[in-house]
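Chain naming here is simple, since letters A, B, ... match the order of the sequence lines and numbering starts at 1 in each.
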2 protein chains.
Amino acid sequence: MNIGEASGASGVSAKMIRYYEQIGLIAPKGRTESNYRVYGEEEVHVLRFIKRARSLGFSLDETETLLKLWQDKSRTSSAVKEIATTHINDLERRIAEMQGMVKTLKHLSHCCGGDHRPDCPILDDLAGESAA
Amino acid sequence: MNIGEASGASGVSAKMIRYYEQIGLIAPKGRTESNYRVYGEEEVHVLRFIKRARSLGFSLDETETLLKLWQDKSRTSSAVKEIATTHINDLERRIAEMQGMVKTLKHLSHCCGGDHRPDCPILDDLAGESAA
DNA sequence: TGTAAGGCTTCCCATCATGGGAAGGTCAAG
DNA sequence: CTTGACCTTCCCATGATGGGAAGCCTTACA
C-alpha cells in the first residue's frame, strides 16, 4: 500500500502520515526499491487509532502514550483511565474558560445598541471604562 | 516610561509589547537617545485594551480591528457588535465540540474498570473495536 | 515505445501567540 | 569604576497542520 492509499484508508493526510513518522509515532512497513513508503493493514489500523484519539482532543503526546499502552498487552486499564481523566479535566477547564468569555460577551452585546451610533459598551469594557 | 514599566503598568510582557509593535498593533511614543522605547499613559491604555480583548478570546487580528474601531470616533456600534457576535458563535461552536469529546470520554471512562487488568473500553474505542 | 499525468520523495516555509536565551549596549547605585 | 539590572536586536521553539517547489517514479494510453 502506498502512502496515498494508506491515507485514503485511514483518513489521515499523507502530509500528516509523514509527520507522524518523523516524530516517531508510526513507521511504514518498509520502502520499495524506488523509496516509496509501504503500509499494511496494521499500519492503517494504527493511523485510525491516532485519528480517533486526535478527534477526542488528545494531544499527539498523549496519543503516543495511549498507542504504547494499546500495544502493551500487560498494561493496566487504570493507566489508560488516568490519562483520559486528566484530559477530561483539561477539556472541562477550557470549556469553563470559554463559557466565561461567552457570558461576558453576551452581556456586553446585549447592552450594545448595534446601530449607526458610535456609543458601544463593548469597546467601553475593552477600554476599561465599563459602566459596570 | 521604559518598556519594563509599561509592561508592569499594563500586564503585558515586554516580549509581547515588542511583538505587537512589530505586527503594527502599537508603537512607542518615541525612543530615547540610547534607543530605549518610551511609552506614555495612552500607550499603556492601548496595551490594557489589547490585554482585555485577548482575555475575551479575540485573536490579534480581531483585536486590531476593535482597536481601530475604538480609535475611530465615527464608528457604528453595529460594526463592533458584529465582530463580537461572530466571536461568540465561534466560541460556542468550539465549546460544543469539546463538550462532545467530554461526553464520549466520560462514557468510555465510566465503562473502564480502571484496575490492574488490561481490558479497557477506552483503548477498544480508539482501536475501532468498541462494543457499541 | 514515447509521453503525459499523477503520485511519490525531500526540503523549506507559514500559521498563531508566546516564551527562552544569547550577545552586546546603557543606566543607576554603591 | 564596577556591578547588576535593565534595554536592544536576533534567532529558535512550541503544536499540528497545510502549501508548494524541484525532481524522481509509475501507470496508462496513443
Side-chain angles (χ1 to χ4, degrees), chain A residues 1-39 43-44 46-67 87 90-91 94 97-98 101, chain B residues 1-40 43 46-67 87 90-91 94 97-98 101:
Chain A
M1 215 183 325
N2 274 343
I3 197 170
E5 295 167 294
S7 169
S10 65
V12 179
S13 76
K15 216 63 169 164
M16 277 304 100
I17 296 178
R18 292 194 197 97
Y19 175 65
Y20 293 160
E21 177 181 346
Q22 190 194 317
I23 64 173
L25 259 191
I26 181 181
K29 210 168 51 178
R31 296 267 187 154
T32 66
E33 287 182 359
S34 54
N35 206 31
Y36 281 22
R37 288 168 178 84
V38 177
Y39 300 90
E43 283 77 26
V44 169
V46 170
L47 287 171
R48 286 212 199 93
F49 182 104
I50 295 171
K51 186 170 194 200
R52 175 70 176 148
R54 294 287 301 128
S55 81
L56 287 176
F58 288 106
S59 69
L60 284 182
D61 244 28
E62 289 164 330
T63 301
E64 185 177 13
T65 306
L66 290 168
L67 202 46
H87 182 45
D90 189 47
L91 283 170
R94 282 152 59 198
E97 202 177 321
M98 288 196 280
M101 296 176 187
Chain B
M1 214 185 321
N2 273 344
I3 196 169
E5 294 167 294
S7 169
S10 65
V12 179
S13 75
K15 214 69 168 162
M16 278 302 102
I17 296 178
R18 291 193 197 98
Y19 174 65
Y20 293 161
E21 178 181 346
Q22 189 194 318
I23 63 172
L25 259 192
I26 181 180
K29 210 168 53 180
R31 297 269 186 152
T32 66
E33 288 182 357
S34 53
N35 206 29
Y36 281 23
R37 289 170 178 83
V38 176
Y39 300 91
E43 284 76 26
V46 170
L47 286 171
R48 286 213 199 93
F49 182 103
I50 295 171
K51 189 175 192 197
R52 175 69 175 148
R54 294 288 300 126
S55 81
L56 288 174
F58 288 105
S59 70
L60 284 182
D61 242 29
E62 289 165 330
T63 301
E64 185 177 15
T65 306
L66 290 168
L67 202 46
H87 181 46
D90 189 45
L91 283 170
R94 283 153 57 196
E97 202 177 321
M98 287 195 281
M101 296 176 186

Please give, in whole Å, the distance from D/dG15 P to A/Glu64 CD? 12 Å
Using whole Å, report how far CZ of A/Arg31 lies from P of D/dT26. 14 Å
B/Gln22 has an atom CD; how far is it from atom P of C/dT15, in whole Å? 11 Å
Expressed as a whole number of angstroms, how long is the span from A/Phe58:CZ to D/dG15:C1'? 17 Å
Which residue lies more 5' along DNA chain C, comparing B/Ser59 with A/Val38 via nearest heavy atoms: A/Val38
Would you say C/dA17 has OP1 or OP2 under 4.0 Å from some side-chain N or O of B/Arg18? no
D/dT8 C1' sits how many Å from B/Ile17 CD1, rounded? 14 Å
Any donor and acceptor pair, going by atom type alone, linking the side chain of B/Thr63 with main-chain N or O of B/Ser59 inside 3.5 Å? yes
Which nucleotide, D/dC7, D/dA16, C/dA17, lies nearest any side-chain atom of B/Ile3? D/dC7
Which pairs count as salt bridge (Lys or Arg N to Asp or Glu O under 4.0 Å) when at least one residue sits in residues 17-33 of chain B, sequence neighbours excluded? B/Glu21-B/Arg31, B/Glu21-B/Arg37
Closest approach of B/Val12 and B/Ser7, non-hydrogen atoms and distance? O-OG, 2.7 Å
Rounded interatomic separation in angstrom, taking CD1 from B/Ile50 and P from C/dA17: 12 Å
OP1 or OP2 of D/dT17 under 4.0 Å from side-chain N/O of A/Ser13: no
Integer-rounded Å distance: C/dC8 C1' and A/Glu21 CD: 13 Å
Strictly below 4.0 Å: does A/Tyr20 bring a side-chain N or O up to OP1 or OP2 of D/dA16? no
Can you give one letter per nucleotide of nucleotides 22-30 of chain C, 5' to 3': B if a protein heavy atom sits under 4.0 Å from the base, S if only from the sugar-phosphate, - if neither? ---BBS---
OP1, OP2 of C/dT10 versus side-chain N and O of A/Arg37: anything below 4.0 Å? yes
Please tell me which of B/Gly4 and A/Tyr19 maps to the more 5' nucleotide of DNA chain D, matching each residue to the nucleotide holding its nearest heavy atom. B/Gly4
Measuring from the side chain of A/Asn2 (C-beta onward, heavy atoms only), which nucleotide among D/dT17, C/dT18, C/dC8 has the closest atom? C/dC8
At their closest point, which heavy atom of A/Ile50 faces which heavy atom of A/Tyr20, and how far apart are they? CG2-CE1, 3.7 Å
Not counting sequence neighbours, which residues clear ring-ring contact (aromatic ring centres under 6.0 Å, His included) with A/Tyr39? List them please. none
Roughly, in whole Å, what's the span from CZ in A/Arg54 to P in D/dA16? 5 Å
To the side chain of B/Leu60, which of C/dT18, D/dT8, C/dC8 is closest? C/dT18
